[in-house]
Amino acid sequence: MQERVSDLESKNVANEGSLSNFSRALGDFAQKNGKTMQSWQDKFCEMAGIYAMCLDASGIPLSDFSGNPHEVQIIRKYVTDVRIRNIYRRVSEGELEDQAVEITEVPNLKLAAVAVKNGNSTTAVWIVCGVFSDADYDQDFYHIPPIDSFSYQISEQKFYKTLDLLRETLNVLISIETSKSQAVANSEFSKKQEIEMTSSFRRAETMTEIVSLLDNDDSIEEIMVVIISKLCNYLQISNGFTCRIHHGHLMDIVVQWTAPGVNKMFTDTTDQELCWFLGSDQATVISSDTQMNAGEREQIDSLGIKALVAMPVIINNSILFYACFSETRELRNWSIDDIKFVNDAIKVLQGIITKRLQKNSLASSFASLEAVLDNVGSAIYVRDINTGVLLFANRSLKKNFKKEITENTLVDLFESNIPSRSHSGNYEVNHKDRGKWYDVYYTRIKWVDGRAVSLCAIYDITEKKLYQKRIELQAYTDFLTGLYNRMCCEKDLARYVDEARQTGKHGALMYLDLDDFKHINDSLGHQYGDVLLQDISKTISRVEGISNSCYRMGGDEFVIIIPPESFEKMDKIIEDIKKAFATPWYLKNSDYYCTMSMGIVRFPDQGDNVSELIRKSDVAMYEAKKSGKNRIAEYSDKIDSSSIHRLDLEKSMYDAINNSCDEFEVYFQPVISEFSMKGGTKQYRHMGAEALVRWNSSKLGFIKPDEFVPLAEYLGLINPIGNFVLQRACECCRMWNESGTGDYTVSVNLSVVQIMQTDIVDTIKKCIEENHIKPHNLILELTERLAINDLARTKQILLDIKALGVRLALDDFGTGYSALSSIRALPFDIIKIDQNFAKDVAEDDYSKAFIRTIVQLGETIDAEICVEGIETKAQFDALKGMGVKYIQGYYFDQPLRRAAFEEKYVYNSKV
Ligand code: C2E
Ligand code: CA
Ligand code: CA
């Protein structure tokens, strides 16, 4: 790329040619986008307002500093090669740091390094320089004035965020690339293994077929053709022939075989000119790339041969004839396995011929047969069918099955599965004691002495079995978490249900879905989301009784099966799981709470097939979500009927949102506020309205928000709906205020899901600006559920929203379970006390006391109090004098359609 930073000399530069994986990944990435890495970096720097360059794993620059060259030159005066080397070392060596920031002699110039790591090894380091627009420095300390009028300037806060972004983006990129190449490597390995397996299988099959020809009464020529054709098919080659040499320079073709569609090699078969590759007492092997002289080449070409193997067939120490195998269609280079195979087959052929030639000499025939069978790759034995006596065992069998031979258990082991009256076939045998798998080929033939025997050839296929198991395990494992996956869950569940049914026992299926996982993913980034999923997986699979039955179904959904043998411990198991979620998870240097909702169904009583059980547990889980999350719900038939409704609801909701939210309507309920008259007497009047959404579905009719908002949150659809409500509310607020009759406020409910959207602050800001409303006139209502996740982050978002000038209200206060202290930490302007307290306020002292306490609390934290759900005069009167600032309820009005609301409160306002 360019010359190395001079002071990095000491580093190893040997791998300049093999750029780190990372730069390759980045290069790929850049290429895909039709840009070079430099131009990607230039754009990034321009967007962020920084000056940066990148070094690879060994310190070699992968890119130049981005930015105006003149400015870069000035920066490089202070950010010297030595400094770059030092900071590069800080972040790339050791595991402690992957990011470092250092000051320079210039008060507003900082130098940073961000290492991108794959595991513990550094793949690249970005050197980043920031010129701060908001530098706050001690003048006595610096001798050089701050840099100004540089084209890229950045605030300190944004500088740190940019470093994070840079690291996270690149880490994600790397992990994607690594897992991609991992997957490619895995699948290539599997493919190779599979090919090897099938070929060794075909070899065993072909060889056994050839061996069984020992028993054949056909003529030698006929048997030769069969053997040659089998060999050619196995090798997938075009021609085979046998020939005999006579008169030293002529040959006769004995038999020849050609693959379908291939021409015969010899039209005349007698007294042919002898081929040069015949005549040796060894095998002659000619591959397409074998070197030979011109004469040899000419003869080979004239026969159309691209590759050939010629083998002498030797009987009683003399060469009887040659067997040749050739390919005429395409180039072919023989493998050692090919040659070995041909050699074995030819030995069998020799055995057959020997048997024929020496029919009367039993002993010698037996000896040559033994020699042949000893050399065949598999273990072979021959047994008299009538007496059961073992007549012959080849070398491999004697070596591998010594114990079985002495204990006389070969038959039990290998022949007990032969179907009766079957003449030949094959099957697999599992030898449990040895932990081995065998493939057994058996055939019934007549032995050399005419006896009926069974011949068994045994192949060790343990490797193949293990490989299959591995593949199976892969197919059943979830890559990210190491838990089993959905497929495995379905398989296991079917087995457990069967077991329960047969033994009269019970089991349970628990469907578990993380609450608000999306927020963790959105706020911390996917890699932390992944870490959380891994941590959770580890924790749940450690719970006693279910360690082997936890599954990840996808996303943030898990299934746990309580198998019949653990069913008695069900309560304890649930307790343990609850406990696991009650403690925070440690992510990115702080504690995060992540709750879950769980649905339980029992089998076999509540369902006895897999899909039914999974569906029912999902239905129960959804019920838990609907009733406020962080809960466990048991399945019952009652919930089930509503789940059909839920599906309708889901579908209609998607439709409604795709139709630009036309079916949604915003109603307004007046909010009455207390104010002081002259002379100190308190009075109430209307000042604002709470926007409450309604859904008038064309298919399902009118639906209350209590019913559809939780589902919308669950499906992530609350964002478009919420934006619609916010937009409508702001529009109306503007209208009312422009009508000149008063200063109206509007309250809008925001879901936790909305708050966690990364662009929520911008969305609100845009809405205020576009509608020209005073930010102070917009109140956003949030519930206590906010506090569950990541308090620090929530607080920051709320502060950002407040910075717009908008007011925040804490809704439904008194119902939640979160601590008062965390509520105090959040910047609320208004606390809305839950309706339940309004219900009893006229008669119940506790409710009264509660409201009074909250009013006092409000005073100390500078928040105003609103009481909702006031329905009667008695309730209203009970509140008087308590210091409650806002009141809302049917006593004044129900939520009204916009027109009705405006009619009554805007145009005819008595204010
Ligand atoms: P919420 O924010 O607590 O809203 C107050 C609910 O109390 C409203 O129910 C309102 O009609 C009802 N209400 C008001 N005065 C009285 C009264 O005197 N007695 C009784 N019994 N009820 C009264 P609604 O409109 O059915 O809304 C229910 C919930 O749905 C709301 O509770 C809020 O959590 C949610 N929701 C409504 N609109 C939206 C929205 O636009 N976005 C979001 N995220 N949630 C919404
Ligand atoms: Ca509300
Ligand atoms: Ca409320």
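In what follows, every heavy atom counts, from backbone to side chain, and hydrogens, waters and symmetry copies are set aside.
- Between the side chain of Ser617 and the backbone N or O of Gly599 there is no donor-acceptor pair closer than 3.5 Å.
- Using modelled atom types and a 3.5 Å distance limit, the side chains of Gln888 and Glu690 yield a donor-acceptor pair.
- Residue Lys766 qualifies as open at atom NZ: its count of foreign heavy atoms under 6.0 Å is 12 or below.
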*Would you sort out whether Glu731 and Arg728 count as a salt bridge (charged side-chain N to carboxylate O under 4.0 Å, His left out), showing the intermediate values?*
CA-CA 5 Å; Glu731 267 166 42; Arg728 255 320 117 75; 3.3 Å; yes
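- Counting only heavy atoms from C-beta outward, the side chains of Ile779 and Val746 never approach each other to under 4.5 Å.
- Legend: residues meeting side chain to side chain donor-acceptor pair (under 3.5 Å) with Ser155, ordered by chain and number and at least two apart, are absent.
- Every residue was checked against the side chain to side chain donor-acceptor pair (under 3.5 Å) condition with Ser747, not counting sequence neighbours, and none meets it.
- Judged purely by atom type and a 3.5 angstrom limit, Glu46 has no side-chain atom pairing as donor or acceptor with the backbone of Asp42.
- Under the rule for a side chain to side chain donor-acceptor pair (under 3.5 Å), the partners of Arg167 that lie at least two apart in sequence or sit in another chain are Gln99, Asp164.
- Asn723 is linked by a side-chain contact (heavy atoms from CB on, under 4.5 Å) to Gln754, Thr763, counting only residues two or more places apart in sequence or in another chain.
- With hydrogens and angles disregarded, a donor-acceptor distance shorter than 3.5 Å links the side chain of Asp134 to the backbone of Glu156.
- Applying the ring pair (Phe, Tyr, Trp, His ring centres under 6.0 Å) criterion to Tyr891, with sequence neighbours excluded, gives Phe876.
- Scanning for salt bridge (charged side-chain N to carboxylate O under 4.0 Å, His left out) contacts around Lys802 gives Asp829, with sequence neighbours left out.
- Among pairs with a residue in residues 695-715, those fulfilling salt bridge (Lys or Arg N to Asp or Glu O under 4.0 Å) read Asp655-Lys699, Glu713-Arg785, at least two apart in sequence or across chains.
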*Verify side-chain hydrogen bond (donor to acceptor under 3.5 Å, both in side chains) between Asp812 and Gln835, making sure each step is shown before the conclusion.*
CA-CA 7 Å; Asp812 300 343; Gln835 308 200 351; over 6 Å; no
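- In this structure, the side chain of Ser847 does not engage the main chain of Asp844 through any donor-acceptor pair within 3.5 Å.
- Note: Phe837 and Tyr846 have tilted aromatic rings, judged against thresholds of 30 and 60 degrees for the angle between ring planes.
- Applying the salt bridge (Lys or Arg N to Asp or Glu O under 4.0 Å) definition to pairs two or more places apart or across chains, those involving residues 889-899 are Glu665-Arg897, Asp893-Lys904, Arg898-Glu902.
- In this structure, the side chains of Leu512 and Glu557 stay at 4.5 Å or more apart for every pair of heavy atoms.
- Every residue two or more places apart in sequence or in another chain that forms a side chain to side chain donor-acceptor pair (under 3.5 Å) with Asn836 is listed here: Asp834, Lys839.
- Listed by chain and number, the residues in a ring pair (Phe, Tyr, Trp, His ring centres under 6.0 Å) with Phe44 are Trp40 (sequence neighbours excluded).
- Results of the side-chain contact (heavy atoms from CB on, under 4.5 Å) test with Leu780 over Ile830, Asp811, Leu750 single out Leu750 as the only residue that passes.
- Under the ring pair (Phe, Tyr, Trp, His ring centres under 6.0 Å) criterion, Tyr511 pairs with no residue at all, not counting sequence neighbours.
- Residue Gln157 places its CD atom among 12 or fewer non-hydrogen atoms of other residues, nucleotides or ligands, all under 6.0 Å distant.
- Between the side chain of Ser660 and the backbone N or O of Asp662 there is no donor-acceptor pair closer than 3.5 Å.
- Between the side chain of Asn108 and the backbone N or O of Phe132 there is at least one donor-acceptor pair closer than 3.5 Å.
- Listed by first and then second residue, the ring pair (Phe, Tyr, Trp, His ring centres under 6.0 Å) pairs that reach into residues 722-741 are Phe668-Trp736, Trp736-Tyr744, Trp736-Phe901, sequence neighbours excluded.
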